[in-house]
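In what follows, every chain begins at residue 1, and chains take the letters A, B, ... in the order their sequences are listed.
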Amino acid sequence: MRASQLFLPTLRDPPADAEAASHKLLVRGGFIRQLSAGVWTYLPLGWRVHQNVVAIIREEMDAIGGQEMLCPVLTPAELWEKSGRIVYPEVFKLRDRNDRPFVLPMTHEETFTFHAAELQSYRQLPQFWYHFGTKERDEPRPRGGLIRLREFIMKDSYSFDRDQAGLDESFLRHAEAYRRIFDRCGLRYYEVDAEPGMMGGSESWDYLVPASSGENVLALCENGDFGADTEVGRAVPPPPTFPAALDRTQEIETPGVGTIEALADFLGIDPRATSKAMPVVKSDGALVLGLVRGDDRLLDVKMAAALASDFRPAQEEEIRRTFGAGGGSLGPIGVSVEVVADEALREGQFVAGANRDGWHLLGVQAGRDYQPRFADIREVREGDTCPNCGGALQLQAAIEVGHIFKLGTHFSERLGANFVDEDGSERPIVMGSYGIGPARVIAAIVEQHLDEAGIAWPSSVAPYDVHVLALPGLDEQAAQVADALEHVGRRVLLDDRELRAGEKFADADLIGCPLRVTVGKRTLDDGAVDVRNRATGDEHRVAIADVAGVTV
RNA sequence: CGGGGCGUAGCGCAGCCUGGUUAGCGCGCGUGCUUUGGGAGCACGAGGCCGCCGGUUCGAAUCCGGCCGCCCCGACCA
């Protein structure tokens, strides 16, 4: 390809509204352009990279028996009413001229399950279908270039098995394929337990790529034996320094003490030896008391998982009616509601609210003084330690590039995707769903393969293998070099634009093809060119006759 | 949805507070000459609904009101 004819609008400066490195470089390099918040066009170079990522995914999906198909974007709302997902606020909804309701799907479980209803017999299972489909999500806040989009292409695949054992097998095969995909894309990533979500799946794993602009937070053990998404993973907080143990709880007046810091100061104790109570109301209206250590924070996604319900903070009036005290004086003793206590409160005696304004209790011990249900509901923090080996945990922002999920029978039951099993009985198909966002893969690759000058694409996804620079006056010679490379199957971008050498070098660094070949007077007299490795910066002189043989 | 910021040429910005000729600057773009291995120099030139609508005023990029859009933080998030 000749750069003089390529639509390649590179920019010297990053757009003012870009924050993430991948956002800045992909825009500057002429890979993508924004159309609206979270809505982007791939320009020619960006689409080539996208196609390369897609090709890798396709190969690995096919390698585990995937059958590629394509489902439409426009989808009758009826399917989503059956699955129950129609109520999600992120779902784009629209109507046709006859007022028939449609949705624009955020993923395609409903549609694939609709087709899976044609599967009749266990003899046809397992099946494994996928497509690269356009997803639409009315995100409340798109951001970061390609990191959170309102419209994007996703590889979503679906497995259809006769039983749980089959699903487990399909799930693991996907995990293997995903590892190969992300390896081939040059990503450093972690496979971690994920938040299963509200659809009742039993297990799900996330693929998280450490990158500062990511939205997930990864907890990693210094000894390498633990990695978890902090929305799911359990970590061990540093132990408290407890005051002398008491035989029974003791009331103490704490006038005007409204915060944990004030309480610890007033009593002269370690804040870690206190507890705090968070009254919440489940979606069925039941009030529950969440209890975490004084220095910890309740993490809402963990709490929701522990309660198996959404919840909201209780209101002042509800608190007073239930506990007979205000929000700053609540505790777990003598209450009529369920108490969900964090694991950190299992051992030891903590200070707790007395359910009496201006009073606390000393020496409150779980099991002896109150009977909670224990759950991991605290937010993982810097300074926590590894649950496996006790090593220090490090927190790191990460981009979620893939998610694999044991769905079970939620969709097959609601959409009537049943099969007849060997014993003649009809059963719902057991499903898994598996997603990868190529756009996020691209963003993640850039975040991990860049320097001050621009992107350094891994060869597997680079828009071109070799970037040949024709320095002024040497267009013909450069074209010959480019031809020689193309003849041996290399994908070549020939910069034949009428620009100064410095500008071509800068653009080449920015665009980030793995190899750069400079055709200039300086070396041509010797019948040679300079070949530079973008990632390492290594440059060496190669005779033109040998240039077709150079590799990264 | 809450908080903050921004909207002036393709990109980055100044001007606005304190209203007043033809709305500026850098980069980029076009033409010519000189240059030519790391974002050149000179000259000439093209390019603007100053986000939109309304109001105040003799006069609005500038003041006031409403709306729209975009970014960041939070909330939210299969």
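Applying side chain to side chain contact (heavy atoms under 4.5 Å, CB included) to A:Tyr464 and the options A:Ile511, A:Val492, A:Leu45 leaves one that passes, A:Leu45.
On a pure distance criterion of 3.5 Å, no polar donor-acceptor pair joins the side chain of A:Arg141 and the base of B:G3.
Between B:G59 and B:A14, the two P atoms lie 30 Å apart (nearest whole Å). Taking atom C1' in both B:G19 and B:C50, one finds a spacing of 15 Å when rounded to whole Å. Using atom P as the reference point in both B:C11 and B:G28, the two lie 15 Å apart (nearest Å). The C1' atoms of B:G12 and B:G66 are separated by 30 Å, rounded to the nearest whole Å. Between B:G24 and B:G47, the two P atoms lie 14 Å apart (nearest whole Å). Rounded to whole Å, the C1' atom of B:A23 lies 25 Å from the corresponding atom of B:G65. A distance of about 13 Å separates the P atoms of B:C25 and B:A46, rounded to the whole Å. For B:G4 and B:C49, the P atoms lie 32 Å apart once the distance is rounded to whole Å.
If you check B:C70, B:C77, B:C72 against the side chain of A:Arg148, the one that comes closest is B:C77. Listed candidates were B:C76, B:C11, B:U36. Nearest to the side chain of A:Asp13 is B:C11. For A:Phe505, taking side-chain heavy atoms from C-beta onward, the closest of the listed nucleotides B:C77, B:G39, B:G38 is B:G38. If you check B:C70, B:A78, B:G74 against the side chain of A:Arg143, the one that comes closest is B:G74. Closest to the A:Arg516 side chain, of the nucleotides B:A78, B:C72, B:G38, is B:G38. Relative to the side chain of A:Tyr88, the nucleotides B:G39, B:A78, B:C71 differ in distance, and B:A78 lies closest. Among the nucleotides B:A78, B:C72, B:U35, the one closest to the side chain of A:Phe405 is B:A78. Closest to the side chain of A:Arg500, from the set B:C71, B:G12, B:U36, is B:U36. Of the candidates B:C73, B:G38, B:A78, B:A78 carries the atom nearest the A:Arg85 side chain, counting heavy atoms from C-beta on. Closest approach to the A:Asp509 side chain among B:C70, B:G38, B:C13 is made by B:G38 (side chain taken as heavy atoms from C-beta onward).
For the pair A:Arg440 and A:Phe152, the cation-pi criterion (under 6.0 Å, within 45° of the ring axis) is not fulfilled.
Ring geometry for A:His23 versus A:Trp40: interplanar angle over 60°, hence perpendicular rather than tilted (30 to 60°). Under the 30°/60° scheme for interplanar angles, the aromatic rings of A:His50 and A:Trp47 are found to lie parallel. Aromatic ring orientation, A:Phe171 versus A:Tyr434: tilted (interplanar angle from 30° to 60°).
Here B:C71 presents its C1' atom at 14 Å from CZ of A:Arg150, a figure rounded to the nearest Å. Put simply, CH2 on A:Trp40 is 12 Å from P on B:C70, counting in whole angstrom units. Rounded to a whole Å, the CD atom of A:Glu231 is 9 Å from the C1' atom of B:C77. Distance A:Leu469 CG to B:G39 P: 14 Å, rounded to the nearest Å. Between the P atom of B:G12 and the CG atom of A:Asp17 lies a distance of 7 Å, rounded to the nearest Å. Across the protein-nucleic acid pair, A:Gln34 atom CD and B:G10 atom P stand 16 Å apart, rounded to whole Å.
Taken from CG in A:Asp296 to CG in A:Asp342, the straight-line distance is 6.0 Å, to the nearest 0.5 Å.
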Using atom names, set out every protein N or O paired with an N or O of nucleotides 28-33 of chain B below 3.5 Å, distance rounded to 0.1 Å.
from: B:G28; atom 1: OP1; to: A:Arg12; atom 2: NH2; distance (Å): 3.3

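Partner assigned to B:G10 is B:C27, using Watson-Crick or G-U wobble distances below 3.5 angstrom. Using Watson-Crick or G-U wobble geometry with both donor-acceptor distances under 3.5 Å, B:C63 finds its partner in B:G55. When both distances must be under 3.5 Å, the Watson-Crick or G-U wobble mate of B:C42 is B:G32.
Residues A:Val519 and A:Gly144 each lie close to RNA chain B; by heavy-atom proximity, the contact nearer the 5' end of the strand is made by A:Val519. Each of A:Ala501 and A:Asp300 was assigned the nucleotide of RNA chain B with the nearest heavy atom; the assignment lying further toward the 5' end belongs to A:Ala501.
The existence of a salt bridge linking A:Arg497 and A:Glu503 is excluded, since no basic side-chain nitrogen approaches an acidic carboxylate oxygen closer than 4.0 Å. A salt bridge is absent between A:Glu110 and A:Lys82; no separation between the charged side-chain nitrogens and carboxylate oxygens falls under 4.0 Å.
Using a 4.0 Å heavy-atom cutoff across all strands shown, A:Ala506 reaches at least one base atom of the nucleic acid. Within the 4.0 angstrom heavy-atom criterion, no nucleotide atom of any strand lies near A:Lys504. Contacts of A:Pro9 with the nucleic acid, taken as non-hydrogen atoms under 4.0 Å apart, are absent. Note on A:Pro89: nothing from the nucleic acid sits closer than 4.0 angstrom, heavy atoms only.
Checked against the 6.0 Å centroid threshold, A:His108 and A:Tyr158 do not count as a close aromatic pair. For A:Trp129 and A:Phe160, the ring centers sit closer than 6.0 Å to each other.
At a non-hydrogen distance threshold of 4.0 Å, nothing from residues 434-453 of chain A comes into contact with RNA chain B.
Contact annotation: A:Ser36 reaches the phosphate of B:C70 (side-chain N/O to OP1 or OP2, under 4.0 Å).
Remark: A:Glu139 CD is packed, more than 12 non-hydrogen atoms of other residues, nucleotides or ligands lying under 6.0 Å away. For A:Arg33, the CZ atom counts as densely surrounded, since its 6.0 Å shell holds more than 12 non-hydrogen atoms of other residues, nucleotides or ligands.
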